[in-house]
Enquirer: 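Here's a structure for you.
In what follows, every chain begins at residue 1, and chains take the letters A, B, ... in the order their sequences are listed. Basis for what follows: all heavy atoms, side chains included, without hydrogens, waters or symmetry-related copies.
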Amino acid sequence: MARKKKSEITPEIVAEHGLSEDEYAIVLDRLGREPNLTELGIFSVMWSEHCSYKSSRRHLGKFLTTSDRVIQGPGENAGVIDIDDGDAIVFKMESHNHPSFIEPYQGAATGVGGIMRDVFTMGARPIALMNALRFGEPGHPKTKALVSGVVAGIGGYGNCVGVPTVGGETNFHPGYNGNILVNAMCVGLARTDNVFYSAAKGVGNPIFYVGSKTGRDGIHGATMASAEFDDDSEEKRPTVQVGDPFTEKLLIEACLELMATDAIIAIQDMGAAGLTSSSIEMADKGGVGIALNLDKVPQRETGMSAYEMMLSESQERMLMVIQPGKEKLAFQVFEKWELDVAEIGTTTDTGRLVLTHKRKTVCDIPIAPLADDAPNYDRPHEPTAPREILKPDEVDEPADYNDALIQVMTDPDMASKRWIWEQYDRHVMADTVDSSQSGGDAAIVRIHGPDGPTDKAVAITTDCTPRYCYADPVQGGRQAVAESWRNLTCVGANPVAITDCLNFGNPERSEIMGQFVGCIEGMNEACRAFDYPVVSGNVSLYNETNGVAIPPTPAVGGVGLIPDLTLVQSLGGARPGDTLILIGATEGWLGSSIFLRALQNREDGAPPPVDLQAERHNGDYVRKLIRNRRVRAVHDLSDGGLAAAACEMAFASGIGMELINPSELPAHAWYFGEDQARYLISTDGNSVNPILTTADGLGVPAMIVGKAGGTRLKAKGAFDVSLDGLRGRWEQWMPELMSGATETV
Amino acid sequence: MSTAVIVFPASNCDRDAAVALEKVTGKPPRMVWHKDTSIPDDVRFVVVPGGFSYGDYLRSGAIAANSPVIRDLKDKSEAGLPVLGICNGFQILTEAGMLPGALMRNANQKFVCRISRLRLANAKTRFTSQYDAKHEIDVPVAHHDGNYFADDETLRRIEGGGQVVFRYSENPNGSRNDIAGIVNASGNVLGMMPHPERAVDTVHGGTDGITLFKSIVGSL
Amino acid sequence: MIARVYVGLKPGVLDPQGRTIAASLNDLGFDEVQDVTQGKIIELKLASGERDTVEARVKEMCERLLANTVIESYRIELDEEEE
Amino acid sequence: MIARVYVGLKPGVLDPQGRTIAASLNDLGFDEVQDVTQGKIIELKLASGERDTVEARVKEMCERLLANTVIESYRIELDEEEE
Ligand SMILES: Nc1ncnc2c1ncn2[C@@H]1O[C@H](COP(=O)(O)OP(=O)(O)O)[C@@H](O)[C@H]1O
Ligand SMILES: [Mg+2]
């Protein structure tokens, strides 16, 4: 390789590439010489936070990642679980926060495209999408445009590809004003004996490039996702990636078609840091070297340099190692689907990444240090100071409970998100059993095997309560996992495993790192208590603007198995005359509650503690009741407590509810407290006694809290409003926000 | 006797349509690739399924309407072959001139996915003969470009000729006269925005769509 | 040779897109906006040829694909200079 | 006063739409088509005013709503004559 002048790589260039002096010293040491610009670029993206997980790696290692259903845990493109009969579910969640803030439509769309590629890369057909969104306060000048762009982008991509977007969650909080979160999850279906991995094997095997041509899109996207925003970053926009769902659809069909043969040895999508990270990850995992001829890379623009090609983040591209002798077949399949395809290199035994461009060697570096010797920091972490516990009598009761109920149900986090999910095709593929439209706890998608629809289904949910995580990361981490487990339970599923998307601020600040470590600790405790492992995930750090970090937001995506579709449960089945039973204990926990925020504009107080034993106990009991067909409607209690759960059940069932307060607690604590491990169930008269008696025997707290019927939502000693009236307010909040007709609540 | 589903690049309701057809005929339909120049001779009924053929670039359905297989479909439909175009399939049939009018962007500019209640404007077609004319049916819609437009004269003609088959009870997209589905003048080509194939199984939450497939298959 | 095809809705066809843009602009305080219509420009880079033949070919492209003449009208502009 | 705003993708930004139209025209036998890009034309009917002021206002409309300046560029043409 041509020796470059010593001056080519100045300290400024190193700094622009986001490498610290220490990190650059390691580069020099491992190479034994100065890198050229292409090589520096490769090190910089591989060692970015986004690709190397340098601040988070050691902590992620603590997660429970195995169970008898886990086929593949973290470390591949997506996690894989066994759901019997030779079927496997492949799933993962990923963030596209920074790109979506800069260009909401394309940012969100390409986020969906990226997560789908992670899933079909493993040999799975994507069958469901979920989205977990966090926006700034509703009245913030940017919020409306961000909401409409992000939602249109998610729909625009998923709808076009033809994968149903079946559920999600949406929060609004000033903590996201300068840094929204767009987390997308994809669930796919594969056969256990036909899962594909990314480890390149063998020497001399052809490497294929498939998909769209490479352009100068998103160069430095990976480093952008790893740097804080400041007000200038809207000016210094790098080229934004544009998604092409049409090509993605073709890519899915083509890859699945080729995967049905034995032509593919290894496959990896080109995500962040495109060709660089895909080739290096494949080589590193397989312990081989890679030689690529960049002249063969399909290019959309003229005059692209090696640096640009290696760092481009053009979408809808895949890299694969093909079985020698199967090249023709591969070309045939990809050409049938009219995709760009090229053989661009081979695997080697050198352990090095060697790139040639215009007959010159433009990069020759050892692969091991790029992956294995990537920095791995133990950043200082300061635990979040515990907050004071707020007792019910330290919180003022509302003067008007009708108004209180309306305020709670039209809180931005509580109000109906119909405006969002009506823009998502929830039914395409014709296997959606339940989705956002029921307001249910988890979406349900039937397993459609090679021989047609089966009686099995998967349940899917995403959950996180950032205000709890902010108040107490450990409890918040537990709660996020526990709520996902509860939500799967509520629809009659056996919770199996989770994926996560850990969104935090700048890890170089010890209090942020403390939030990160605390949330992981809490999540992991819950995973272990429920035998509910983490099989995939994603970390997004540096989510802050001008030094203000987002609330810690470890979004959890849970997947459960419903072995028999006739045992599917919903919250919409309550009938007039049913008895309402509350499962779980109530202390009236108002700290960090929606009630406190919606009525008193306060976010203080310790969040509800999560008793993992009680969660498991109560949840297992509820699931048993569902299996024994003892219940007509089930909903877990979360934001807004008993009152909110009853309203949501009433909306879904289309009948009123009448609640009582059999406790000693003041009405606000009883109706709006957010104690965990609780469920509201609606059941017919005959089942009431058996349910209560069995619960008593098992030590599961259970009591009658009201009955279903009528056209009003009533609570003794508190509110009495018409069902339709409240539903109207609840439904109208978001359309009014988006039409600009009203200000924030 | 066979049925067929046409598959374009980025059709995405092709499998759904095939499942519905198999449910009604007991036999999987032929899947006909868009590059095929002709529809097999034993095919008695063709579904042009929903999706985003060619990404819906330029105009929904425009590029697909120019494919070889649609040219053949047009000829065969003129000779009487029954054809059902659903959603993107409806767009393709209007673009191909097999049905009058055009489907424009939804009036509110947004994609809409919801269960829509439909009135039967004509229960005497080959596609609707087994419906109870008085009943309204629930069928999901999911589209961005479902806003049916025809000029006044065309509208008068199709209304007068009983060509309007389904109407929305609550118009989700701005369609003229709440039109959700129409047939051609000879009554053998139906295009509709709602997805009957997504309402053929109790897990879908309703089975109002199956009657449509039963009607047409029963008429063959 | 460059051909530019301008495609717009025919008069009498309701233009919800234009109306939405107009309403949004008014909302943003641009009160001077009275009416908006939106159309497409399709720019084609073509192998060079006789002006008349090229024009006829582009017209054919419009009729067959680029415009839906049920709702749209079009106008063609040719530009001999390569840009 | 009429203002015409031409909006197109910035060079280098992926244009899947243009690419697909080009491929389709080629398939239809229009082999002379080498490349296609698609843009928008937004025609605004405005209350009359000083040319410079109007232009500045339309520019503001573009920046705030009509163009997505992250990926699109725009060009403004003013036409005093009412059409
Ligand atoms: N961004 C979104 N996309 C799709 N569905 C959403 C979205 N946000 C909320 N929903 C739906 O609204 C309902 C209520 O959501 P949420 O309050 O988060 O439920 P829970 O508290 O039970 O987890 C759910 O059915 C959910 O799927
Ligand atoms: Mg819930």
Side-chain angles (χ1 to χ4, degrees), chain C residues 1-9 11 15 17-51 53-67 72-75 77-79 82-83, chain D residues 1-9 11 15 17-51 53-68 72-75 77-78 82-83:
Chain C
M1 169 112 73
I2 302 281
R4 271 186 217 92
V5 178
Y6 298 86
V7 182
L9 289 176
D15 177 10
Q17 206 148 344
R19 245 189 7 200
T20 307
I21 297 173
S24 304
L25 286 171
N26 292 155
D27 276 354
L28 287 173
F30 296 104
D31 297 324
E32 68 267 45
V33 177
Q34 295 165 346
D35 193 22
V36 176
T37 53
Q38 185 179 315
K40 285 186 269 203
I41 321 177
I42 301 163
E43 193 167 299
L44 308 158
K45 204 173 150 200
L46 303 168
S48 46
E50 277 293 319
R51 205 183 166 86
T53 351
V54 171
E55 181 145 12
R57 293 279 286 178
V58 175
K59 184 148 190 273
E60 205 189 324
M61 294 179 207
C62 289
E63 293 286 333
R64 285 189 61 190
L65 184 71
L66 300 179
E72 293 170 330
S73 57
Y74 62 89
R75 183 164 60 77
E77 246 177 37
L78 291 188
D79 192 343
E82 303 266 332
E83 279 182 291
Chain D
M1 170 113 70
I2 302 281
R4 273 188 215 90
V5 177
Y6 299 85
V7 183
L9 286 176
D15 179 9
Q17 176 132 316
R19 212 190 41 202
T20 309
I21 298 171
S24 169
L25 286 170
N26 292 155
D27 276 354
L28 287 175
F30 296 105
D31 297 324
E32 68 268 45
V33 177
Q34 296 164 346
D35 194 21
V36 175
T37 54
Q38 187 182 311
K40 281 185 283 200
I41 168 166
I42 300 161
E43 193 167 299
L44 306 158
K45 202 172 151 200
L46 302 169
S48 48
E50 277 291 316
R51 203 182 168 87
T53 350
V54 170
E55 180 145 15
R57 293 278 286 179
V58 175
K59 186 151 188 271
E60 207 188 322
M61 296 179 206
C62 290
E63 294 284 333
R64 290 186 58 189
L65 184 76
L66 301 180
N68 175 351
E72 293 172 331
S73 57
Y74 61 89
R75 188 165 56 80
E77 249 176 35
L78 291 188
E82 304 266 334
E83 279 183 287

Enquirer: Flag the pair C:L25 / D:L44 as yes when at least one side-chain heavy-atom distance between them is below 4.5 Å, and no otherwise.
Expert: yes
Enquirer: What heavy-atom pair brings C:M61 and D:V33 nearest, and what distance separates the two atoms?
Expert: CE-CG2, 3.6 Å
Enquirer: Tell me, do C:T37 and D:I42 make a side-chain contact under 4.5 Å, heavy atoms counted?
Expert: no
Enquirer: Enter the distance from C:S24:OG to D:R64:CZ here, rounded to the nearest 0.5 Å.
Expert: 11.5 Å
Enquirer: So how far is it from C:E43 CD to D:Y6 OH, rounded to the nearest 0.5 Å?
Expert: 11.5 Å
Enquirer: Pick one of side chain, backbone, both or neither for D:Q17, based on which atoms fall under 4.5 Å of a heavy atom in chain C.
Expert: neither
Enquirer: Considering only heavy atoms and a distance below 4.5 Å, find which of D:D35, D:V36, D:L66, D:L65 pairs most often with chain C.
Expert: D:D35
Enquirer: So D:K40 and C:K40, side chain to side chain contact (heavy atoms under 4.5 Å, CB included) or not? Walk me through it.
Expert: CA-CA 4 Å; D:K40 281 185 283 200; C:K40 285 186 269 203; 5.8 Å; no
